[in-house]
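Everything below concerns the one structure shown next.
Lettering of chains follows the sequences in order, A, B, ..., and the numbering in each one begins at 1.
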Amino acid sequence: MGKVFDPSLIIEFIPTLVKYLGVTLEILVASIILGTIIGIAAAIPKLFHIPILKQIVTLYISFIRGTPIIIQLFLVFYGLPAVLSLINIDITRMDALIFVIITYSLSNGAIFAEIFRGAISAVEFGQTEAAYSIGMTPFQNFTRIIFPQAIRVAFPNIANTVIGSLKDTSLAFTIGVMDMMGRGETIIAATAHALEVYIALSVIYYVVVLILEKGFKVFEKYTNRYQGTDASVA
Amino acid sequence: MISISNLHKKFGKNEVLKGINIQVDKGDVISILGPSGSGKTTLLRCLNYLERPDEGIITIDNVTIDSKKVHKKDIYHLRKKSAMVFQSYNLFQHKTVLQNVMEGLVVVQKVNVKEAREIALEMLKKVGLEQKVDAYPLQLSGGQQQRVGIARALALNPEVILFDEPTSALDPELVGEVLDVIRKISREGITMIIVTHEMNFAREVSNRVIFMDGGVVVEEGVPNDIFRTPKEDRTKQFLKRMTPELEYSI
């Protein structure tokens with residue numbers, strides 16, 4: 001049972017909670033960067049049809065997409081130390097934050113792999129042929145012709161993933177990470193003003209998402225600059 | 001200057017080229033005619049190594065490739081000797097008209113940007129697009145895009161320009177402007193090989209016509225001979241279908 005609703009507490013809680021936004025953003029940024037690297041590595045076997053690796057990557061992606069992130073979080077938190085203890089590595093004392101970053105990186109990696117693969121396949125092959133015909137190497141073709149255009153295709157999906165990932169970080173507290181959500185839980189335990197805390201948290205998350213969306217819009221407009229005159233319609 | 005000997009290419013079980021032998025001299029403008037599926041486009045793509053021939057030797061200028069023993073380096077060398085104009089233009093869509101034309105100069109030929117820009121502007125003027133240098137391909141008509149494609153090829157100053165059905169994807173009213181440009185550059189002594197279905201154009205612009213069917217060269221000669229007095233039945237039939245107005249002369 002909570003106490004009587006007191007709106008003034010919302011304002012009061014916000015500064016306390018915002019101090020922990022850094023942890024939330026740390027999880028987000030680390031898992032986006034590592035997820036990008038994993039995503040590129042996982043997209044390559046699919047793009048180039050590398051046997052065995054392709055099957056492994058496909059299984060990885062389908063598993064991540066088919067399971068809730070909170071379960072992935074527990075699997076990594078309990079599973080990774082168990083697996084590593086088999087080879088006599090003890091990570092039971094490792095910071096919970098690391099487990100969170102590993103989980104979210106793996107999760108984002110799977111999603112990014114699919115986004116990258118789709119975006120690269122979406123650039124018409126004729127342009128690759130044109131690049132080769134003027135004597136470019138596959139590397140030059142990729143960096144100068146394919147990649148800049150794949151970004152345009154991929155970007156809206158990347159943006160959605162980043163925003164989804166930001167919200168998912170709110171689950172990190174379940175394994176004891178003191179992020180915004182975790183701090184909120186402690187305030188609730190101490191004051192029993194749950195509703196005020198959750199309203200304060202929703203305000204903070206919402207504002208961060210709005211700022212991100214604003215930034216994404218600007219970049220998206222830039223990536224669409226060459227899309228003819230009807231880009232706004234498309 | 002260009003020599004193709006005993007070129008074979010299969011796609012699966014389908015033998016598309018069955019031993020092609022062609023010689024091209026410097027300054028030649030050669031049209032390759034023939035029904036769909038006769039191997040014209042595949043032949044052209046083999047010259048650029050966008051298709052890898054199964055057998056045969058290709059020489060352009062001082063680069064010779066035997067398809068039995070190809071090195072990556074040879075392919076790059078060969079590609080630098082030629083430039084291709086594609087049926088579907090294949091412009092780099094994220095680059096402006098000017099950047100499209102400069103790309104090969106700067107990235108492949110390592111020309112400095114200032115000089116590349118000058119060359120590109122000159123070529124764009126040649127194809128009549130000096131007003132459109134800052135436009136993106138998707139903002140242009142098909143005819144304009146193809147003219148950019150031609151400028152992109154010209155800028156590289158290749159030994160030979162390969163035209164792969166350059167007007168086939170265009171609306172009829174846009175065909176003329178592209179043919180005009182090709183006609184104009186054909187007078188500059190640039191070696192060109194043109195795969196086309198535009199019979200009258202081929203007749204007018206080229207100094208030699210090659211007729212292909214079923215993966216072989218059926219007949220070749222100067223346009224007047226091929227169009228007025230073709231020797232082979234297959235050529236006669238094809239020309240009769242394609243140019244009914246010439247029926248009297250066949």
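- Ring-plane geometry between B:His94 and A:Tyr226 is classed as perpendicular, the angle between the planes exceeding 60 degrees on a 0 to 90 degree scale with a lower cut at 30.
- Between A:Gln227 and B:Leu138 the shortest side-chain heavy-atom distance falls below 4.5 Å.
- Contact of the B:Tyr49 side chain with the A:Ser133 side chain is not registered, since no non-hydrogen atoms from C-beta on lie closer than 4.5 Å.
- With a threshold of 4.5 angstrom between heavy atoms, B:Leu162 does not approach chain A through any atom at all.
- For B:Phe92, the parts lying under 4.5 angstrom from a heavy atom of chain A are both the backbone and the side chain.
- For A:Glu129, the parts lying near chain B are the backbone and the side chain together; criterion is any non-hydrogen pair under 4.5 Å.
- With a threshold of 4.5 angstrom between heavy atoms, A:Thr137 approaches chain B through its backbone and through its side chain.
- Heavy atoms of A:Arg152 lying under 4.5 Å from chain B are absent altogether.
- Of all heavy-atom pairs spanning B:Tyr76 and A:Gly135, the tightest one is CD2-O, 4.1 Å.
- Using a 4.5 Å cut-off between heavy atoms, B:Ser82 contacts chain A through its backbone alone, with no side-chain atom that close.
- Residue B:Arg152 comes nearest to A:Ala130 through the heavy atom pair NH2-CB, 3.4 Å, listed as atom of the first residue, atom of the second, then distance.
- The closest side-chain donor-acceptor pair between A:Glu124 and B:Gln93 falls under 3.5 angstrom.
- A 6.0 Å sphere centred on CG of A:Leu210 holds more than 12 heavy atoms belonging to other residues, nucleotides or ligands.
- Using a 4.5 Å cut-off between heavy atoms, A:Gln127 touches chain B through backbone and side chain atoms alike.
- Side-chain atoms of A:Met136 and B:Glu103, non-hydrogen and from C-beta on, do get closer than 4.5 Å to each other.
- Contacts of B:Lys95 with chain A are made by side-chain atoms alone, with heavy-atom separations under 4.5 Å and no backbone atom involved.
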